[in-house]
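Below is one structure; the comments refer to it alone.
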Amino acid sequence: MRNRFGKELDKLAKEYTASVSFDKRLYRHDIAGSIAHARMLWKQGIIPEKDAELIIMGLISIREEIEHGKFQFKEELEDIHMNIEARLIEKIGDAGAMLHTARSRNDQVALDMRMFTREAISETIAKLKSLQEALLTLAEANKDVSMPGYTHVQRAQPTLLAHHLLAYFEMFQRDIERFQQCYQRTDVMPLGSGAMAGVSYPVDRSAVAKELGFSEVSANSMDAVSDRDFVIEYMAAASMAMMHISRLAEEIVLWSSAEFDFIEIDDAYATGSSIMPQKKNPDVAELARGKTGRVYGHLMAMLTTMKGLPLSYNRDLQEDKEGLFDTVDTLNLTLEVFAAMIASLHINKERTRKATEENYTLATDVADYLVKKGVPFREAHGIVGKLVRYAIECKKTLAELDITEYKRFSQKFDKDVKSITVESALAARNIPGGTAPEKVQKALGAAREKLNGK
Ligand code: ARG
């Protein structure tokens, strides 16, 4: 291996450059890629059939060794690719030495990373759908529950809880679409690019792509060995998904506090305090919020790693792995536990109902009432502003004011102003995308259809 060099690699340098401790995670993809490559080399007459057979059998048994914990990974062999190749030669002799014909570790590792990322995307999409399922089921089971909608964390207008939950359904739907698009761009087969200029053998790249389930082969060898934008795209889509999860997490933290008291987290997803016996903490939500930072960090790290790299392959690219692996693990685990926690949430309906009625959340509807009687909206806004200030001063709700009090602020007020309720406010927002029960019912149906996949 060190034929060109006068001495062995320094021990510390060896440790510094080795990646097998983490890239061994790519063993399945590496072996599948090598099997497809060997078969193609044989079919193209580049290596003899008997050697290809030995290689394929050898690789399958190495996969078993790894899966049964019998494979000895050696740091001095640097990475997963050389570990497997060295073991193959050890097992089958000279035939093993033919595997690396018409291939470089540069296109090999690009292939492995693309295969790994494709799998990760499929898993992430499935888990995003499970989270959508949990949200949708919770919304369906509580479709009549009202709650105050907020802006600036101040009670704003009545909404349905289901409408609020469906907002997250939409966010996760866009996340799914981002991952689906990321899949398309990841689904490109780089083998045949060699070290960077393409290989000088009559390889059949399409056959390899077909065997490995890729939709296309890469169009430019230099791009194929040096580009990791599919990794960055996964990380970016993951960051966006974590951002959405984190927002929901924040609401769960708020809603489960005594101050809001809108929900109760199931005991299976809450923890206690080591000193305060009464505490029940929303740790799953807090950690999901917390782990978002680390996922963003991996994205920044990878963008920064790539930014100064001239074409084509540079060893810096080895830094793509740990960040990607941790991103995938963090996101997928977060999605799984989060979905389970959401599914077990208890909604405190009386409390959300009461909160919907408090704090003058119907003021907009009172202004709209005046608009319907011909008052320009800005003027109506001013009138109701004064009315609310008056009500606050007499410590009354709008419902508790009598009609003569209303009339002091505008002669347009009539008895029917008293028929403005949470229900009428909800029902009034009967436009596409609005919180009217009729529209939310439709939105629930549309979400269900989308999820159950037409
Ligand atoms: N471990 C390397 C990586 O992850 C594999 C490719 C090595 N190529 C090379 N020319 N040293 O990028």
Side-chain angles (χ1 to χ4, degrees), residues 1-5 8-10 12-34 36-37 59 62 66 71 73-89 97 99-120 186 188-200 208 212 218 220-235 298 301-329:
M1 284 283 161
R2 300 276 303 166
N3 299 335
R4 189 224 175 280
F5 300 91
E8 282 307 307
L9 182 62
D10 170 75
L12 197 57
K14 202 181 277 181
E15 236 172 77
Y16 190 69
T17 54
S19 57
V20 68
S21 63
F22 50 86
D23 67 15
K24 63 180 173 202
R25 187 162 172 179
L26 298 171
Y27 81 89
R28 263 191 309 112
H29 315 91
D30 199 69
I31 288 174
S34 288
H37 181 64
L59 287 168
I62 289 172
I66 296 175
F71 188 96
F73 292 100
K74 296 185 182 132
E75 193 176 66
E76 59 273 24
L77 290 172
E78 220 177 280
D79 55 28
I80 184 64
H81 324 294
M82 306 241 269
N83 267 269
I84 291 175
E85 190 184 354
R87 178 73 183 124
L88 184 68
I89 294 169
L99 172 61
H100 213 49
T101 314
R103 191 175 70 173
S104 153
R105 273 187 296 159
N106 296 351
D107 56 355
Q108 187 178 357
V109 72
L111 174 74
D112 294 2
M113 288 298 282
R114 283 181 182 271
M115 289 173 69
F116 174 87
T117 306
R118 274 193 325 189
E119 253 180 49
T186 305
V188 177
M189 208 290 295
L191 230 51
S193 303
M196 60 105 191
V199 296
S200 56
V208 174
L212 298 173
S218 53
N220 181 295
S221 60
M222 295 178 77
D223 177 41
V225 296
S226 65
D227 142 66
R228 294 292 182 272
D229 58 10
F230 62 99
V231 171
I232 296 177
E233 266 192 62
Y234 181 94
M235 290 171 161
H298 292 315
M302 196 56 206
L303 281 168
T304 312
T305 296
M306 291 293 300
K307 76 178 268 292
L309 297 187
L311 286 177
S312 59
Y313 180 83
N314 295 273
R315 190 61 179 271
D316 315 45
L317 291 173
Q318 183 168 293
E319 286 294 304
D320 61 354
K321 294 177 192 62
E322 288 159 291
L324 178 65
F325 295 163
D326 188 62
T327 301
V328 171
D329 293 342

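For ligands, and for the atoms within them, numbers begin at 1 and follow the listed sequence. Positions are given from 1, in the same order as the sequence printed here.
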Review point. What protein heavy atom sits nearest atom 6 (C) of ligand 1, and how far off is it?
Key: Tyr313 OH, 3.4 Å

Point to revise | N or O contact, Glu78 vs ligand 1, cut-off under 3.5 Å | key: no

Review point. Salt-bridged, Arg105 to Glu85, with N to O below 4.0 Å?
Key: no

Point to revise | Per-atom contacts, ligand 1 versus Asn106 - under 4.0 Å to a heavy atom | key: 8 (N), 9 (C), 10 (N)

**Study point:** For Lys321, atoms of ligand 1 separated by under 4.0 Å from a heavy atom
**Key:** 3 (C), 4 (O), 12 (O)

**Study point:** Lys NZ or Arg CZ of Lys321 over Phe22 ring: under 6.0 Å, within 45°
**Key:** no

Practice item. Using the test side-chain hydrogen bond (donor to acceptor under 3.5 Å, both in side chains), find all partners of Arg25 that sit at least two apart in sequence or belong to another chain. Key: Asp329

Review point. Looking only at protein heavy atoms, which one is nearest to atom 11 (N) of ligand 1, and how far off is it?
Key: Arg105 NH2, 3.6 Å

Exercise for review: Give the residue, atom name and distance (to 0.1 Å) of the protein heavy atom nearest atom 1 (N) of ligand 1.
Suggested key: Gln318 OE1, 2.8 Å

Study note, to complete from the structure: Numbered in order shown, the ligand 1 atoms found under 4.0 Å of a heavy atom of Asp79 are 1 (N), 2 (C), 5 (C)

Revision key, fill the gap. Within 4.0 Å of some non-hydrogen atom of Ser19, the atoms of ligand 1 are 1 (N)

Point to revise | Polar proximity ligand 1 side, Arg228 side, N/O cut 3.5 Å exclusive | key: no

Exercise for review: Determine yes or no for a side-chain-to-main-chain donor-acceptor pair under 3.5 angstrom, with Asp79 supplying the side chain and Met82 the backbone.
Suggested key: yes

Practice item. Give a yes-or-no answer on whether the side chains of Gln108 and His37 include a donor-acceptor pair shorter than 3.5 Å. Key: no

Check your understanding: Could Lys307 and Asp316 be called an ion pair, given the rule that one side-chain N must be under 4.0 Å from one carboxylate O?
Key -> no

Review point. Excluding sequence neighbours, so at least two apart, what forms salt bridge (charged side-chain N to carboxylate O under 4.0 Å, His left out) with Asp320?
Key: Arg228

